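Computed from heavy atoms alone, side chains included, the values below leave out hydrogens, waters and symmetry copies. These numbers come from a predicted model, not from an experiment.
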Amino acid sequence: MKYRSVRGMNDILPAVISQWQVVEEKIRELMIRYRYHEIRPPLLEYTELFKRGIGEDSDLVGKEMYTFSDKRGRSLTLRPEATASVVRAYLEHNIDTKEPLQKLYYLGPMFRYEKPQKGRSRQFHQYGVEAIGSLDPALDVEVIDIAWALLEELGLSGLSLRLNSIGCRADFKGYRQKLKEYFATRLASICENCRQRYQTNPLRILDCKKEECRLHIQSAPASVDYLCSECSRHFSAVRNYLNQLNLTYVIDPHLVRGLDYYTRTVFELISSHLGAQDSLLGGGRYDDLVELLGGPSTPAVGFAGGMERLILVLKEAKGRVDRMARPDLFIAALGNESRSLVISLAQQLRRQNISLDIDYRSRSLRKQMTYANQINAQHLIVIGPDELASGIGNIKEMDSGRERKISLTVEGIQAAMEK
RNA sequence: AGGAGCGUAGCUCAACGGCCAGAGCGCUGGGUUGUGGUCCCAGAGGCUGCGGGUUCGAUUCCCGUCGCUCCUCCCA
């Protein structure tokens, strides 16, 4: 085989595409109900945007970006996530001046340079929402509610919501300090990676999955204990609304997220059906990001979820859904002379919104029938010399085997199939 | 980045170091140009990933390489 796709970039083949379409349609339908508008930023951005937005010392920026130079030597990066791009577009087009609260969603490919494994590839797809322009805790909850609704309406069970608040930028300082103090005496027994994190961003230690680190993380100080009064009020309001809406959650005092821009509320929805990569979707507030990228101080909240992973869980939960409907009709041609009538009828009927197929390989009648059967056609018409001469033929209902005499015109066929 | 496993027909997989590398499914044709699913017969399709080594002889053993899959880390 001469050519292969680039490592970690997979073809999504017709055999599985209907699952994607089902999910995509559900997302779009849901977004209309919640009144979020689609936005499609480009896949490429100047590298600086991601470095600035996501944070230089995050793993994502540090080692997972698809970065290269264009012909004029400018550094470009394939988007590893969409929030930074959405905020950039929001600012670039002064969207905020039209309506202070913007509720946006997106759907599309993201790129991260990592070793591929189950549920993770280099080109993958995310869907997500961004609600920019309000600090209302009800908005945090709306965003979480969308996430729940989506997964639930797709038929998933075994979901749980992990929730935490990491406070505002000012709270970080105190909390960071506490963490540093806590880990200072334990530096010897945490992993090498975490010793590095201790210097650059002690919050990240809490994310470590290593056995030796987990032990210490369990009893590490919790961010919720270091919230300022405003953040604390915000968090309890979020929890109250969640209770009110019957959205059950588990407080995870050590949940932090991989990107630097998060503030206050952070959350993850996880599936018990996934193994190592159990996080289906994650998000939170990013009240400083708009300002960080050069805009006015503007609070925001959002989430992003992985399509591949979602489809993986759906498959395990309910098996395959084939969306390609049964064709309404197959028209078999018997002999060369009848071909032209078959072709004309096919064109006209298709334009009348009838889904049908014909033979393109001059196969015997028997093979054509076998094929009609294979594609599970609902009706069958055979057109041979007799039909050609008389303009009258039979339409057969494949399931029952019942046949009916009809005139071989668009109207005649249409009428026969309506019953 | 580190670790493990696997590369044989379109797909799923067989083949003790030894005869012409096989099977099922799929595909094509025929039995059967005037009505399908079943059945029967036939056929096409292979540089056994690639390169080297050991051997009288390698799909099989060894080394390298490329690719894929999975795991760890991190994330979606």
ask   = How is A/Ser121 classified with respect to the nucleic acid when contacts are heavy atoms under 4.0 Å: base, sugar-phosphate, or nothing?
value = base
query = Taking the same atom, C1', in B/G64 and in B/C70, what whole-Å distance lies between them?
reply = 23 Å
inquiry  = Taking the nucleotide of RNA chain B with the nearest heavy atom to each, does A/Gly401 or A/Leu60 sit closer to the 5' end?
reply    = A/Gly401
query = Does any donor atom in the side chain of A/Tyr286 or A/Thr83 lie under 3.5 Å from an acceptor atom in the other side chain?
reply = no
ask   = What's the CD1-P distance between A/Ile54 and B/C75, to the nearest Å?
value = 13 Å
ask   = Of all the choices, B/U35, B/G36, B/A76, which nucleotide is nearest to the side chain of A/Met398 once you look at every atom?
value = B/G36
task = Would you kindly give the CG-to-C1' distance between A/Leu259 and B/C75, to the nearest whole Å?
result = 9 Å
ask   = With respect to the side chain of A/Arg309, which nucleotide from B/U35, B/C70, B/C75 is positioned closest?
value = B/C75
Test: A/Asp357 and A/Arg350 ion pair at under 4.0 Å = yes
query = If you take atom types as modelled and just measure distance, does the side chain of A/Gln117 reach the base of B/U72 with a donor-acceptor pair under 3.5 Å?
reply = yes
task = Using side chain to side chain donor-acceptor pair (under 3.5 Å) as the criterion, point out the one residue from A/Asp140, A/Asn164, A/Asp171, A/Asp287 that pairs with A/Arg264.
result = A/Asp287
task = Give the nucleotide from the list B/A76, B/A1, B/C68 with an atom nearest to the side chain of A/Lys115.
result = B/A1
message = What I'd like to find out is whether the side chain of A/Met31 reaches to under 4.5 Å of the side chain of A/Glu38, using heavy atoms alone.
response = no
inquiry  = Check this for me: does any side-chain nitrogen of one of A/Lys51 and A/Glu48 sit under 4.0 Å from a carboxylate oxygen of the other?
reply    = no
ask   = Quick one: which of B/U35, B/A76, B/C68 gets closest to the side chain of A/Arg7?
value = B/C68
B/U54 pairs with, by Watson-Crick or G-U criteria that keep both distances under 3.5 Å = none
message = Rounding to an integer number of Å, can you tell me how far A/Ile395 CD1 sits from B/U35 P?
response = 18 Å
key: A/Met369 CE - B/U35 P separation (whole Å)   = 9 Å
query = Who are the ring-ring contact (aromatic ring centres under 6.0 Å, His included) partners of A/Phe235, not counting sequence neighbours?
reply = none
task = Can you tell me the pairing partner of B/C68 across any strand shown, Watson-Crick or G-U wobble, with both distances under 3.5 angstrom?
result = B/G5
inquiry  = Nearest whole Å is fine: how far is B/A1 P from A/Glu64 CD?
reply    = 12 Å
note = Nearest-nucleotide check on RNA chain B, A/Lys63 vs A/Tyr262; residue mapping nearer the 5' end is A/Lys63
ask   = What distance, rounded to whole Å, do you find between the two C1' atoms, one in B/G2 and one in B/A14?
value = 35 Å
ask   = Within this structure, what is the NE2-to-C1' distance between A/His379 and B/U35, rounded to whole angstrom?
value = 16 Å
key: Partner of A/Glu142 by salt bridge (charged side-chain N to carboxylate O under 4.0 Å, His left out), out of A/Arg35, A/Lys103, A/Arg33   = A/Lys103
remark   = For B/U35, the nucleotide meeting Watson-Crick or G-U wobble distances (both under 3.5 Å) is none
B/U72 and B/C16, which share atom name C1', separated by this distance in whole Å = 38 Å
Pair assignment for B/G17, Watson-Crick or G-U wobble, requiring both distances under 3.5 Å = none
query = Over how many whole Å does the gap from A/Phe124 atom CZ to B/C75 atom C1' extend?
reply = 8 Å
query = Has the side chain of A/Glu114 got a donor or acceptor atom sitting under 3.5 Å from an opposite partner on the base of B/A1?
reply = no
request  = Decide whether A/Asp145 and A/Tyr241 meet the rule of one side-chain donor and one side-chain acceptor closer than 3.5 Å.
outcome  = no
message = One thing to verify: whether A/Arg162 and A/Glu268 come together as a salt bridge, which I'm taking to mean a side-chain N less than 4.0 angstrom from a carboxylate O.
response = yes
inquiry  = Using whole Å, what does the distance between atom P of nucleotide B/C73 and atom NZ of A/Lys118 come to?
reply    = 17 Å
key: Nucleotide-resolved protein contact map, nucleotides 28-34 of chain B, B/S/- at heavy-atom distance under 4.0 Å   = SSBBBBB
